[in-house]
**Q** 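Structure below; questions to follow.
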There are 2 protein chains.
Amino acid sequence: MEAGRQRQGRLWSNLKEVCDLLHIYIPTMSSIGDEELLFQHVQFKSGQRIHTIGQPFDTLYIVNSGFLKTLLIDEFGNEQVLSFPMKGDILGVDGIHSKQHASEAVALSDCDLILLPFKKLTALGRTHIEMEHAMYSVMSRELVREQAMVGMLGALSAEARVARFLVSLSDRYSQMGYSSKLFNLRMTRHEIGSYLGLTLETVSRTLSAFNEIGMITVDQRTICIRELDALKTLRRLPPSRSRAKQLAANKLKSAANKAPPPNGESWGQFVTA
Amino acid sequence: MEAGRQRQGRLWSNLKEVCDLLHIYIPTMSSIGDEELLFQHVQFKSGQRIHTIGQPFDTLYIVNSGFLKTLLIDEFGNEQVLSFPMKGDILGVDGIHSKQHASEAVALSDCDLILLPFKKLTALGRTHIEMEHAMYSVMSRELVREQAMVGMLGALSAEARVARFLVSLSDRYSQMGYSSKLFNLRMTRHEIGSYLGLTLETVSRTLSAFNEIGMITVDQRTICIRELDALKTLRRLPPSRSRAKQLAANKLKSAANKAPPPNGESWGQFVTA
DNA sequence: CGTTCACTTGAAAGTGTTCAATTACTGTGG
DNA sequence: CCACAGTAATTGAACACTTTCAAGTGAACG
């Protein structure tokens, strides 16, 4: 919780801290900062809901610390996870259009969020062109992200989805200053499955398979990335006939000469279009 | 091509026409309109590309007439269709963030688009608060749409996806003043499949199945919606064992007493969670 | 210490894909 | 106007991937 200062027994952040979180660089920031605009923080405990579907919208949130999920709920009450926001991510953009939140956000850990009253933001945008453009930019970025998600759901196999999920987590952890190799999942297999359009069993099995291959080590929620490049380029494991052959071959080899069976190289050949 | 007037041998639209297309109502429109801001139209022939991935972004487009597709291209050159924009839809929002288009847009028919230079738009937003809010609103709406798409790809069966696709087309045609029952598909099975995360064969088979059941009539690109409500509520056809039974029963019935086999009612029972 | 929830793993089933063959369109040039 | 080539759509059969169902293990927490 680097950003923020105490005032009235609460944490507040100034505009610069908010922009830094969002990875927005504003050259004339100092002149804006002079006004000492402050944004209030709010804390949520794990499991608490930040907003619900249909709830009136009037403020955006930025994640300062902690982990969350956002979700849609279909007509039968089933959750569809849309994203796993973490530090620097923005929440609530989908509420602008209808002035009601279109999704639900839930804390997966204790969280510290910064409140961005939408009216305050737009007013700011009016006096500072850079801020205005920053807002358009952030919204556009969210859209691009969703499009990438659609592309992934539309085109990739289960294994490729899980692999990309791990890679993106790795990226984000490293951006946040944590290890990109060794980290803990903050969400259940069920939530991952929902996010990726898979069942929790498929997620579990896929992680186990990656583990067996040696691309990762997995134990419950602890993940260790061993072959990042292999994960990045993986599109589809070989069809089961050849995979069966390969597995058999590997078993033979490892049985014969106690050598560690498959490595990143030996799986490169299976990274197919 | 109702909107637009001639000037310098080209079509132009004023702000009111643009807002009407976007379904945005601005109460103080008349005062803005006074300035006689005009936006230029551009025509594209079927097959032409409006913008490519990576191309510098500086203008948004609104579809005034015609049909298009937008798509992503993966590292192997495969298309992933993202949307099928038509009258009133906006194009190019994904380019704002990186100042480069993140997707490609292609005309599926001859099109008439209105150019909205982004700078002109933001300037307008600065002088007219309602316009500014309209822009945020439109971008938020795009995001909500993508989220709905993610939800659909993540949760629905092939049949449900195709059904929803038909329903949404029906909605949009009726909004545009065309028949909501009888229309022509402007895209190939391949493009539909890409959009829905399915193969073209699955799309074709599913349409044939709907046809056989009597929910729609399909002949090549001509679609006639017969049981709109059934399509709307369809989530998943029954598992093949019971479906086989059902089909057999239907065949028996129709063979026995020449009655039209299945109707909307008889399929209601299969609309399951 | 027992209950609960998350996770793993196996076996069977089902949905959707792939491959392949056939038919139907579309547009072009003779 | 027709033939022809090329693209689009349909359909069947075999197969593969993912899910479903089920059982069992493990960790967390009162």
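In what follows, chains are A, B, ... by sequence order, proteins preceding strands, each numbered from 1.
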**Q** Kindly write out the residues that satisfy side-chain contact (heavy atoms from CB on, under 4.5 Å) with Ala163(B), not counting sequence neighbours, or none if the list is empty.
**A** Phe210(B), Leu231(B), Leu234(B)
**Q** Can you see which heavy atom on Ala107(B) is nearest to which on Lys45(B), and at what distance?
**A** CB-O, 3.6 Å
**Q** Hydrogens and angles aside, do Ser103(B) and Thr70(B) bring a side-chain donor and acceptor to less than 3.5 Å of each other?
**A** no
**Q** Nearest-Å distance, CG (Asn211(A)) to P (dC7(C))?
**A** 15 Å
**Q** Which nucleotide in the set dG16(C), dT18(D), dC7(C) lies at the smallest distance from any side-chain heavy atom of Glu159(B)?
**A** dG16(C)
**Q** Have a look at Arg221(A) and say if it touches a base, only the backbone sugar-phosphate, or nothing, with a 4.0 Å heavy-atom cut-off.
**A** sugar-phosphate
**Q** Any Lys/Arg nitrogen of Lys69(B) or Glu79(B) sitting under 4.0 Å from an Asp/Glu carboxylate oxygen of the other?
**A** yes
**Q** Please examine the side chains of Tyr61(B) and Ile50(B), heavy atoms only from C-beta on, and report whether any two atoms are closer than 4.5 Å.
**A** yes
**Q** Among Thr222(B), Thr217(B), Ile223(B), Ile225(B), exactly one meets side-chain contact (heavy atoms from CB on, under 4.5 Å) together with Leu182(B). Which residue is that?
**A** Thr222(B)
**Q** Would you say that Phe183(A) contacts Tyr178(A) through its side chain, given a criterion of any heavy-atom pair below 4.5 Å between the two side chains?
**A** no
**Q** If only side-chain N and O atoms of Ser208(B) are considered, is one of them under 4.0 Å from the OP1 or OP2 phosphate oxygen of dT11(D)?
**A** yes
**Q** Please state how far atom CG in Leu185(A) lies from atom C1' in dA27(D), giving the value in whole angstrom units.
**A** 16 Å
**Q** Take atom CD of Glu212(A) and atom C1' of dT8(C), then tell me their distance rounded to the nearest Å.
**A** 12 Å
**Q** Looking at residues 190-204 of chain B, who's got a heavy atom less than 4.0 Å off DNA chain D?
**A** Leu200(B), Glu201(B), Ser204(B)
**Q** How long is the line joining CG of Leu156(B) and C1' of dG16(C), in whole Å?
**A** 15 Å
**Q** When the distance from CG of Asp219(B) to C1' of dA8(D) is rounded to whole Å, what number comes out?
**A** 13 Å
**Q** For the helix from dC1(C)-dG30(D) to dG30(C)-dC1(D), figure out the bend between the end axes, five pairs an end, and round to 10 degrees.
**A** 40°
**Q** Could you tell me whether Arg172(B) and Asp89(B) have a side-chain N and a carboxylate O separated by less than 4.0 Å?
**A** yes
**Q** Using whole Å, what does the distance between atom P of nucleotide dA28(D) and atom CD of Gln220(A) come to?
**A** 8 Å
**Q** Taking all heavy atoms of Pro85(A) and all of Leu91(A), pick out the closest pair and write down the distance.
**A** CG-CD2, 3.4 Å
**Q** Using a distance-only criterion (donor-acceptor N/O pair, under 3.5 Å, no hydrogens), is the base of dT20(D) paired with the side chain of Arg205(A)?
**A** yes
**Q** dC7(C) P sits how many Å from Arg186(A) CZ, rounded?
**A** 14 Å
